Structures are given as structure tokens and as C-alpha cells.
Amino acid sequence: MNEQYSPAEVERSAQAFWQQHDSYRAREDGRDKFYCLSMFPYPSGRLHMGHVRNYTISDVIARYQRMRGKNVLHPMGFDAFGLPAENAAIKSGVAPAEWTYSNMSYMKRQLDALGFGFDWSRELATCRPEYYRWEQWLFVQLLKKGLVYRKNSVVNWDPVDHTVLANEQVIDGRGWRSGALVEQREIPQWFLKITDYADQLHDDLATLTEWPEAVRTMQANWIGRSEGVEIDFALADGSGEKLTPAALPGGKLTVYTTRPDTVFGVSFISVAAQHPLALAAAQRDTQVAAFVEEAKQSGVAEAALATQEKKGVALGIDVIHPLTGERVPVWAANFVLMGYGTGAVMAVPAHDQRDWEFASAYGLPKKIVVSATPSLTPPRKGEGLQDAGAAGLQDAGAASSPPPCGEGSGEGAAPSDISQAAFTEHGTLINSGVFNDLAFEAAFNAIADALEQKSAGRRRKNFRLRDWGVSRQRYWGCPIPVVYCKSCGAVPVPEDQLPVVLPEHLKPDGAASPLTKEASFYECACPSCGEPARRETDTFDTFFESSWYYARFACPDLDTAMLDERARYWSPVDQYVGGIEHAVLHLLYARFFHKLMRDVGLPVAGDEPFKRLLCQGMVVAGTYFRDGQNGKKDWINPADVELTAEGAVLRADGQPVQVGGREKMSKSKNNGVDPEIIIRSHGADAVRLFMMFTAPPDQSLEWNEAGIDGAARFLKRLWRMVSEHTAQGAAPALQVQSLSATQKDLRRKTHQTIAKFGDDVGRRLQFNTAIAAAMELVNALQKFDGSTEQDRALRQEALSALVACLAPITPHIAHSLWTALGHAGAVIDATWPEADAAALASDAVKFVVQVNGKLRSSIEMPVGSSNEAVLAAAKADENVAKFLVGLAIKKEIVVPGKLVNFVV
RNA sequence: GCCCGAAUGGCGAAACAGGUAGACGCAAGGGACUUAAAAUCCCUCACCUUCACAGGUAUCCCGGUUCGAUUCCGGGUUCGGGCACCA
């Protein structure tokens, strides 16, 4: 073999080998399958470091499982529809399709240069009719099943560009291109009834034991299941004047609450500005009308709505409290969401923080009805997955700890102090008539019963989750397969007329979708009556495509159905890898689709699409800049910056640049590092090794040029070590029985490394510590200077183990070294090494000795020593005895094989 | 605003079930080799006290549980992810 390690040469020859042997082609066979999937990329142009990290992780897992004997599927494709292609078209005049296809082929080349083992024979792109025709088909099935409906809903409207804006395109309440103040506008849109699956989506989270806890909690909170009560407030006399019956069906205003125990503390009702009652009141009251108008002057993003100043207006309408019979005024408030519950909440300022603030601002009464005095039954604790999340607008603070003791004692129940904030914990009822002295749960039930008996309320399970609006007023997406006919209404496109093909030559201009101006697209005949009709010009949310691609990878060539039996064989995905930013939306929609596909009878296995989930952290880099003209910063790429002891300087001119913070690699801060350049300078293996070594996969990873050098240095060292070893000829067979103590030590280290590496990669997904273990073995080999035949045999064993372990991470160099070490066959097809239990055994154990928890010494004991012997030896230790002299030992603690602690 | 995370030397990190804080690497300093440089190899490297042995302090902050807390609990600070039309 070459003495010098040349990454370019090594990588070229390994990649040529894999291609010649079609090494990554997955075939359905009788072996145990392992489906390893990375979230497919949006073809934005070039690969970025986040992609490199994502795909290195899945490639390592796929290669490891393959060496474990699994039948591995590791596919790749492109999430090809989306907004950036339209933006590129607006900016540079190139059609979204053309831009997308060219990006895809460029990125594919980049992926190959990194040596990722993808089965490209299964490549798919969501913008191709062969793919999206099946989601059109599924949509029609769901429409027939009643899981799809159309209703009005609010969008961001740019009044200058006359177009709908994505939340991302609304900046500080203004359209990103026009700068116009964005308004809310209602338009009809298609919805998928994901709420029909809310219980399943919630309950099945408990089965996802190999998902990160944080993701499961986020999803549980997002679904936000809560048990509460709907309460009807009848319209008070005189309040109904000029109100149409539609404003208040049944003459009752219905609210939803998870805190019926506070119902005696209601001092007003808050409704959303879009609530029918508010709209009706606006008809006769200019102040209310002004408020409703003002509420429209805003985007629809929840974060923006939730942070705006809390405002409201009295509607001049009263309702009757169903239990006290008192008159309660109705207000419209900008923090009540029309989309949640009934769009109306009962306000209890004493026991809800938002109501407290609102009442304080508008001088409304606060009536205390819950006392802090502990009751006999303690309040229920928050139950995580079971009942996670403060779901209702009324449920600001489920008690998570016992309330502090009030001044009062016993039954008397002292009022809580609400002068500074609301008292939101559970407690004992006061000022609540016959319900006084009841604790939360008893009060909840008694009041719910009372309301049900009076037919003024009912227990109700509620979800925070809303139905999924899938209509987008965009061009570069999958056409929604519906036709609008004057006489037949909305008619689904019949199956034999699918796909509805998106014309690929159009160019968006920033105003309305070009589809709305393309007569050849929207003019059609009604599939039902044959009369002239208009085709739907909205397209699907791009989450639609990414919700089922994992299943389609099993049978991407199928043209007679969405899925076939191959999907049952490969599903579920055994390991899914992707960014934490997808923790809720994408992963929830994909879970929903899996259940939908199951329920329309498609061949998928199980109830969940992804068995094990790894969410990797972001790739961040330092930012550098110089102050440019008119106060703007000129951002300088980290690759062009040299870090010195004094600070950062630009390589080109040697002059200083300013150092900004560490941020996610992005175009706007020009801190992205092009993987291609680094591959050229250091090799793909060094990039992969650096990515996997520098941080655990779920943490953010900081780009660091010096770190890449370190990774390359390690590979060089390994190469040289193998080269020096093999230069001496073939090593003899290992004679395990006759090894010296030093030789046994090295062999133990080898087998410890094998065990640690396999556990870290296979079970823990902690690649950084696996690599650290490999480095330790290399260091041990470096120090090991024996030159006997058996020493060479030991080295052969250690180096072979190292190369096999590293093969998933740095596959190219491993490919060369494996052959150089004299092994038949390619390392990609090698079997994962097994640790030899006999080699791991040691005859002495080290105990750490503490006195009062402070480390004083350590002692070595033979394996199997009794606790008494360990204690005696510990006490005999000079430095330990020093700290025991003259003191009585109160307690002796022995942790077997680890530690002794004397408490004096 | 709401939900979910994270915080450990000069830096990236490790400590997996509550048991030696800092493995492994980067940077830095010293040395060897070399005419020289690069490359490579060896040594030092949390902070304070000490010639040394050793001792003290230290895992974002404040409290708690425990023989023992980076790890568990309560309260905070800062940073990051998500909030339904970015993907």
C-alpha cells in the first residue's frame, strides 16, 4: 500500500467499487429488514453543512446495521415543491421547475462525493406527476370518506400585491415585497380532519418509546387534549335587540373551560373579534365595529397575536350566569382565538392570569372563589403525556405543586391574595354557594353535574389541535384535484383522470398564482355533468408531499397504485433522522398520514411510521463582518477569515474584521461553509469524521476549521500505522493462551473498544464517544512497542477491529485499509466484530476511597474481594487513615467495584 | 405570550442507573528530529495554595433532598427550537 494517505485517490476508488458492485441496491428478501431514513432535502441549490450532518448520521447507522447482517434500505429523494423556487423565479426569471431540476442534479453529485450509501434506484422527487398523482388519489379517497371539507379561513393578505403571504413573508406586520400593512382576509380552503385522529395521535405517542421525550411532549402539548365543560350563558333580557338569530344560535353563548370550579368567579365573557356575536354587535355599535376592524389589521401568526397588547371592547350585551342568575357582560378581546374551543371563554380574573390583566386594564371586578387553604384531597399533579399542556384558554396554570398555606386554618378558608397576580392553582372553593369547601376534583364534578341537570352545560373533551388547512394559493405545488361546477358544486376529479398535471413552464411574478391566469389549466369540463367548469387553482401545502414519501420509497416505480406489498415489508421506518425543527408539524402530519393510509386499506405495517427517531442539532458557525456603507454590515465568510491571537483578520488583506456571535449557517449572515470546498481540501472521510466526533448528534455543532485538521490528522495516523504494520508482511495467528500481562492489556483495550463502539453506535447513537474510544485504542497502539510475532498478531487484531468499527463513519479509508490488512472481500460487506468476553476480563479492580464524600485515595483489590476486605484495605490506606484518626465512623458505604465512603 | 430544550477548562466536549468532574480532540506552551521549514514524535495544560507530599475551590445563579448531586426536586437567568402558509 501507499505510505502516504491520499484522500482523493482513496475516495475515488472506494466510490468506483461501490458503484460497480451496485452495493446500495436494496432488495426485498427474507432477511431482517432495517429501514434507515433521513429527512429528504428541499433542493435549494447546494448542499449545506446541515445536510452533511443529517446524512452522515443516517449513513453511519445504515452501514452499521448492514454489517450487523440486516437487509438495509437507505433511500434518498427531493422534497421538490415549495416557495423558494417561486422566489428564485421572481428574482431571476427562471421557471421554478427548471430551477428545481437543476438544483437536484447538482445536489445529487454532491451527495455522491460524500460517499453516502443511498439506493438511488429508488430516487423520487415530489414535483413529478408519478409521485403526486397518488396524493391526489388519496385526497379523493378521503373526500369520499368525509375526512375532507371546505370552509372559510383566514390568510395574510397583501393589499398592494393582491396576494396571499406566507407567515415568513410577513415582516413586522408588513408584506416583505410591498411593505404594505398585512390584513386578515377570509377565503374558502380545503381542510383535512386531523381532529378525527386526535385521540389516536395522542394515545399512540405512548408507543413511541424510542423517540426523544421532548418530541413526544411537544406533540402531546400540541394536540392539547383537555377535559372540560361547555357552559351555556343565555342572552339577558334586552340584549337581543337587533341581533339576528344567526349571531347566537339557540339564544345561548357557549364557552369552553377546563376550570368549571371557578364558575362562580365569572365577571365577564370574552369572545374573539371574529365571533358571530362580536360581528353582530359591530353592526349597531361603531366602537365595536372599530375594534373588529382593528383586529383585522394583523397577520395570522399565533406568536404575533399572542404578544400583542391585550385589548378589548364591551359589546353592550349581557348574558345570564346559569348557576347564579346574575347578568354578565360580554366583551370582545384580541387574545381569544376563534379557532380554539367555541371562540368564547368565561373570564375569571381572580384565577386566570390573562383575565386578571385584562380586568385590571379595564377596571372589571375580580371575585375570589378558590382558596389557597389546602383541602383534604391534594390537587392533581400535571401528568405529562397523560394530560399534558394547559390546553384551554382558561387553564393558565394547572397546579404542579401544593399551594402555599394561607393564613387561615381549617374549614374557614381564607381568600387568596390576588393583589399582584391571579391565583391560578387548584384549591378549595369559597363564595360558591352550595359548592363551598369542595376541592378541585369534587367541585369540577359537582358543578358539571349541576350544569348538566339544568341542561346548561355538558362535559366535553377538547383539543388544541385544529384541522389541517391544506390549500395554498401558490403555483409550485401539487394541484388539488377538484373542479367547481355551477350546477354540481365542488366535484373531485375522477380517478381515471388523475393526475391533474401542473404545467411546468409558468413563472410567478409575486402577485397571484400564475395558474389563476392560465386558462388552459383552469378551463375544464365538469366530470359530473360535462358542462364548462373551473378547475381548482390552489395547490397542496408541501407538508402533504413529505407526509408519505417514506412509504413510497418502498415502491417508487409503482404506477398502478399508491403503495404495494413492498411497503408492508419495509414499514415502519426503523430509524428516522432529521432536524428538531420538525418535531411537531412534519412528524405529526406523517403520523396522521400513516394512519390515513392504513385506514383506506393501503399495505403499511403497524400504526406508526417511524420506530426510532433521532433529531440532530443545527450546524452553527461564527459570524464576521465589517461595517459597510449606510450602517449596513458586510458579512464575511468564516472560510476567508484567519483567527489569530489578537483577533480575526481577512485572509485576503490581513486587516482585522469584527467578530459577531455564533449562528445557524445561513445566507444572510454569510457564515455557511461550502462542504464541497472542504471535501476537496481534506477529503470526505475527514468531513464525516469531524461531523460525528465534534458534538453528540442531538446538540448543535460548531464549525471549526481546526477541528477538520484534527480529524484529517487522525486518519493520516491510522493510515501510517496500518502501512507500517503491513510492510512487515502477514501477521501470524494469535495465541491467546500465552500472552504476557502487557499483551493482555492491549488485547483488553481492543475488545473494550469493540464493545464500546458497538454500544455507542448501535444503542446510544453517541458517535462522538465511539470515535473517542477508537482514538484511545490508536494511542494505546502507538505506545505499544512490542515487536515479537505475537505482538504483530495483536496489532493485526487491533487494527482490523479499528478499521471495521470506523467503516460506517469513514467508509472510504476503511475500504482501502481493510484490503491492505489482507482481508478477503470489501469491508462494507464485513461482519461487525464481536468483543471477546475472555479478553475483557481483568483480575484487579480499583476502588475510590472517600471520607465524607471527599476523594482521599484509591486502592486496587483483586476481583471478587469481600466488602470487609475492601473496607479493611481502605482504612489501612495511609492517606485515608489520616482523615479518620480520632473520629468515629458513623457509616461505611461500599459501592461494589467502584467506591468506598466513610461518614465520620 | 405559550410549548420544548440547553448551559461543564482558553475552545468542542466526556461522565450511560445518584458514586473519581474534565475521557477524547482543538488551541496554547516547552522539547526532540531537521541546515531550515513543514510533517511527525514526546512532555505540560481547570483555578488557587505548596519545593514537594498534599490541601482548598470549581459543572449558569439561589435554595432543597442525600453519606455523596453535572445528574433528582423547587425557584430564577441567559441562549436556542417550535407556534399551524419557510421547509
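Keep in mind that this is a model prediction, so the values were computed, not measured. Below, chains carry the letters A, B, ... as their sequence lines are ordered, and counting in each starts from 1.
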Taking the six-membered ring of A:Phe883 (Phe, Tyr or Trp), confirm whether the NZ or CZ of A:Arg856 is under 6.0 Å from its centre and within 45° of its axis.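 The answer is yes, since A:Arg856 meets both limits relative to A:Phe883.
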Does [X] use its side chain to pair, donor to acceptor, with the backbone of [Y] at less than 3.5 Å?
| X | Y | value |
| --- | --- | --- |
| A:Asp877 | A:Asn879 | yes |
| A:Glu357 | A:Arg354 | no |
| A:His51 | A:His48 | yes |

Could you check whether [X] gets within reach of a base, just the sugar-phosphate, or nothing at all, counting any heavy atom under 4.0 Å?
| X | result |
| --- | --- |
| A:Asp698 | nothing |
| A:Ser700 | sugar-phosphate |
| A:Val164 | base |
| A:Val215 | nothing |
| A:Phe883 | sugar-phosphate |
| A:His582 | base |
| A:Leu465 | base |
| A:Ala583 | nothing |
| A:Lys664 | nothing |
| A:Thr307 | base |
| A:Asp709 | nothing |
| A:Trp222 | base |
| A:Tyr42 | sugar-phosphate |
| A:Glu581 | base |

To the nearest angstrom, how far is [X] atom [atom1] from [N] atom [atom2]?
| X | N | atom1 | atom2 | value |
| --- | --- | --- | --- | --- |
| A:Gln850 | B:rC67 | CD | P | 14 Å |
| A:Glu86 | B:rC85 | CD | C1' | 12 Å |
| A:Lys882 | B:rG55 | NZ | P | 5 Å |

Out of B:rU20, B:rG25, B:rA87, which nucleotide sits closest to the side chain of A:Phe543?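 From the listed options, B:rA87 comes nearest.
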Side-chain N or O of [X] closer than 4.0 Å to phosphate OP1/OP2 of [N]:
| X | N | answer |
| --- | --- | --- |
| A:Arg764 | B:rA15 | yes |
| A:Asn221 | B:rC2 | no |
| A:Gln473 | B:rC85 | no |
| A:Asn768 | B:rC24 | no |
| A:Asn779 | B:rG25 | yes |

Same-atom distance ([atom1]) from [N] to [M], integer angstrom:
| N | M | atom1 | result |
| --- | --- | --- | --- |
| B:rC60 | B:rA69 | P | 15 Å |
| B:rU70 | B:rG63 | P | 15 Å |
| B:rA27 | B:rA36 | P | 24 Å |

Show the numbers, then the answer: is there a salt bridge (Lys or Arg N to Asp or Glu O under 4.0 Å) between A:Lys749 and A:Glu776? CA-CA 9 Å; A:Lys749 189 78 189 168; A:Glu776 282 188 57; 2.9 Å; yes
Spacing of [atom1] belonging to [X] relative to [atom2] belonging to [Y], to within rounding of 0.5 Å:
| X | Y | atom1 | atom2 | value |
| --- | --- | --- | --- | --- |
| A:Asp541 | A:Cys478 | CG | SG | 11.0 Å |
| A:Phe847 | A:Met861 | CZ | CE | 7.0 Å |
| A:Trp99 | A:Ser44 | CH2 | OG | 6.0 Å |

Going 5' to 3' through nucleotides 41-49 of chain B, assign each nucleotide B (protein heavy atom under 4.0 Å from a base atom), S (under 4.0 Å only from sugar-phosphate atoms) or - (no protein heavy atom that close). S--------
May I ask you to verify whether the side chain of A:Gln189 and the base of B:rC85 hold a donor-acceptor pair under 3.5 Å?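 Such a pair exists between side chain and base.
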Can you find a donor-acceptor N/O pair under 3.5 angstrom joining the side chain of A:Asn901 to the base of B:rC67?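 A donor-acceptor contact between them is present.
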Closest-nucleotide mapping onto RNA chain B: is A:Ala695 or A:Val848 further toward the 5' terminus? I mean the 5' end.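 This one resolves to A:Ala695.
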Of A:Pro696 and A:Lys716, whose nearest nucleotide on RNA chain B comes first from the 5' end?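 By nearest-heavy-atom nucleotide position, the 5'-most residue is A:Pro696.
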Quick one: do A:Gln699 and A:Gln616 satisfy side-chain hydrogen bond (donor to acceptor under 3.5 Å, both in side chains)? Show the steps, please. CA-CA 7 Å; A:Gln699 275 180 40; A:Gln616 100 262 0; over 6 Å; no
Pairing stems for RNA chain B [at least three consecutive pairs; Watson-Crick or G-U; under 3.5 angstrom]: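 For RNA chain B the paired stretches long enough to count as stems (3 pairs minimum) are B:1-7 with B:77-83, B:10-12 with B:24-26, B:28-32 with B:40-44, B:46-49 with B:54-57, B:60-64 with B:72-76.
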With A:Phe81 as reference, evaluate A:Tyr42, A:Trp476, A:Phe543, A:Tyr475 under the ring pair (Phe, Tyr, Trp, His ring centres under 6.0 Å) test and give the passing residue.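 By the ring pair (Phe, Tyr, Trp, His ring centres under 6.0 Å) criterion, A:Phe81 pairs with just one of A:Tyr42, A:Trp476, A:Phe543, A:Tyr475: A:Trp476.
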Return yes if a side-chain donor-acceptor contact under 3.5 Å exists between A:Asp79 and A:Ser546, otherwise no.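 Absent: no donor and acceptor within the cut-off.
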Can you tell me if A:Asn152 and A:Arg185 form a side-chain donor-acceptor pair at under 3.5 Å?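 On atom types as modelled, these side chains do not qualify, holding no pair under 3.5 Å.
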